[in-house]
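Scroll down for the structure; my scribbles are underneath it.
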Amino acid sequence: MAVVIGAGPPPANEPAADAGRAPQFEIRKIEIADVMDCIAKGVQDFGRAPRYGMFFGAIYAIGGLLIVWVAFAMDHPYLAYPFIMGFALFAPFGAAGTYEISRRLESGEPLSWVAVIGAVWSRAGKGLGWLALVSLFTLILWLDFAVFLFLMFYGSNIPSLPELFVKIFTTAYGMTFLLVGNGLGAIIALFVFSITAISPPLLVDREVDFVTAMTTSVRAVLANRRAMLAWAVVIGADLAISFVTVFVALLVIFPILGHATWHLYRRVIV
């Protein structure tokens with residue numbers, strides 16, 4: 001079943017959408033079963049090209065470890081958690097290579113490092129860059145809020161990491177801090193998820209500007225609230241597993257999520 005959000009293809013006697021108008025895409029209605037099927041297809045794609053997927057997963061995992069190291073090197077271990085949560089906002093961009101891999105597997109085109117990286121750079125480099133800039137601005141706001149919230153609750157008397165854990169999980173004051181911080185982070189994460197749910201693979205696959213890609217992603221999320229919420233929960237759970245395993249699980253989880261995102265985009269956008 002397809003639900004058209006916005007204008008469909010122009011009639012033959014009307015000018016094409018590129019005559020001063022941004023293209024409008026037809027958005028299909030999907031269910032949670034479709035999300036599960038896309039994940040299964042993501043697993044299949046990873047199995048067909050594991051070394052490519054693990055390469056991108058390793059890059060993202062190393063980036064996560066570097067962020068944690070920076071937080072501790074700055075002697076601000078309490079920033080490690082918001083840093084990691086903010087870093088997760090950039091997963092859709094780090095997975096750009098997996099979208100191209102899935103596209104090539106789908107179309108039967110040969111795989112090579114030059115082809116995959118070159119295609120992403122040439123087709124979506126600028127659009128993904130602008131989209132990443134929007135997410136970077138959001139990350140900066142999130143970190144500012146996180147620091148402000150920490151200072152508001154604990155002031156300049158920064159407790160050690162063990163003391164902080166004890167205060168957060170054994171006192172009502174600490175639990176309030178945790179709930180407020182995670183609630184604020186969830187709102188920001190929901191915004192970023194809405195604009196990036198399908199926009200990165202859309203930019204890789206089609207000639208569109210980043211604003212059109214973002215608005216199309218938001219429309220797709222609004223048209224499929226239940227399915228997209230399930231997809232967001234899957235992403236959050238998988239990233240939580242990755243963090244618990246000190247990012248090692250990202251070697252597999254990251255490319256699978258990337259491949260699944262491609263198939264979700266293909267399932268949603270006509």
Side-chain angles (χ1 to χ4, degrees), residues 5-7 16-27 56-57 59-60 62-64 66-67 82-104 114-146 185-224 228 231-232 235 239 254-255 257-266 268-270:
I5 312 296
D18 59 356
R21 289 188 304 170
Q24 296 289 316
F25 297 100
E26 183 179 333
I27 296 175
F56 292 108
I59 291 177
Y60 195 72
I62 292 170
L66 284 175
I67 283 180
F83 270 157
I84 291 173
M85 294 298 102
F87 182 62
L89 302 179
F90 288 89
F93 311 104
T98 63
Y99 311 146
E100 177 63 17
I101 292 167
S102 288
R103 189 193 71 79
R104 287 178 171 269
V114 173
V116 170
I117 297 175
V120 172
W121 180 262
S122 63
R123 272 205 234 107
K126 185 178 293 185
L128 281 176
W130 281 110
L131 192 59
L133 189 63
V134 174
S135 295
L136 177 61
F137 177 73
T138 307
L139 171 61
I140 293 172
L141 286 179
W142 158 237
L143 292 177
D144 286 342
F145 279 128
I187 293 172
I188 295 174
L190 180 61
F191 166 74
V192 176
F193 172 77
S194 297
I195 66 174
T196 61
I198 62 166
S199 53
L202 175 59
L203 286 167
V204 169
D205 190 41
R206 309 195 192 188
E207 292 289 340
V208 297
D209 61 276
F210 81 100
V211 174
T212 300
M214 283 194 305
T215 55
T216 301
S217 182
V218 172
R219 289 163 49 221
V221 170
L222 292 176
N224 296 284
M228 286 299 187
W231 176 230
I235 293 174
L239 290 178
F254 185 76
L257 289 178
H259 293 309
T261 299
W262 168 263
H263 290 288
L264 189 67
Y265 149 71
R266 294 285 286 160
V268 172
I269 299 297
V270 176

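All heavy atoms count here, side chains included; hydrogens, waters and symmetry mates do not.
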| message | Counting only heavy atoms from other residues, nucleotides and ligands, does the tally under 6.0 Å from CZ of F145 exceed 12? | response | no
What are the two closest non-hydrogen atoms of [X] and [Y], and how far apart are they?
X: V221; Y: M228; result: CA-CG, 3.8 Å
X: F56; Y: G94; result: CD2-O, 4.2 Å
X: Y99; Y: P92; result: OH-O, 2.7 Å
X: T216; Y: I198; result: O-CD1, 4.1 Å
X: Y265; Y: R206; result: OH-NE, 2.9 Å
X: D209; Y: T212; result: OD1-OG1, 2.7 Å

| query | What distance do T138 atom OG1 and L133 atom CG have between them, rounded to the nearest 0.5 Å? | reply | 9.5 Å
| Gap separating the CD1 atom of I84 from the CG atom of L239, nearest 0.5 angstrom | 11.0 Å
| note | With sequence neighbours left out, the residues meeting side-chain contact (heavy atoms from CB on, under 4.5 Å) with A115 are R104, S112
| message | Run the side-chain contact (heavy atoms from CB on, under 4.5 Å) test against A213 and tell me which residues pass, sequence neighbours left out. | response | S199, L202, L203, V208
| task | With sequence neighbours left out, write down each residue that passes ring-ring contact (aromatic ring centres under 6.0 Å, His included) with Y60, or none if nothing qualifies. | result | F87, F254
| task | Return the set of residues passing ring-ring contact (aromatic ring centres under 6.0 Å, His included) with F210 (not counting sequence neighbours), or none when no residue passes. | result | W130
| Set of side chain to side chain donor-acceptor pair (under 3.5 Å) partners for W262, sequence neighbours left out | E106
| said: Please enumerate all residues that pass side chain to side chain donor-acceptor pair (under 3.5 Å) together with T98, with sequence neighbours excluded. | reply: none
| request: Give a yes or no on whether the backbone of A220 and the side-chain of N224 come within a donor-acceptor separation of less than 3.5 Å. | output: yes
| query | Do the side chain of S217 and the main chain of A197 share a donor and acceptor less than 3.5 angstrom apart? | reply | yes
Do [X] and [Y] have side chains that get closer than 4.5 Å, going by heavy atoms?
X: L136; Y: L139; value: yes
X: W142; Y: I187; value: no
X: F191; Y: L141; value: no

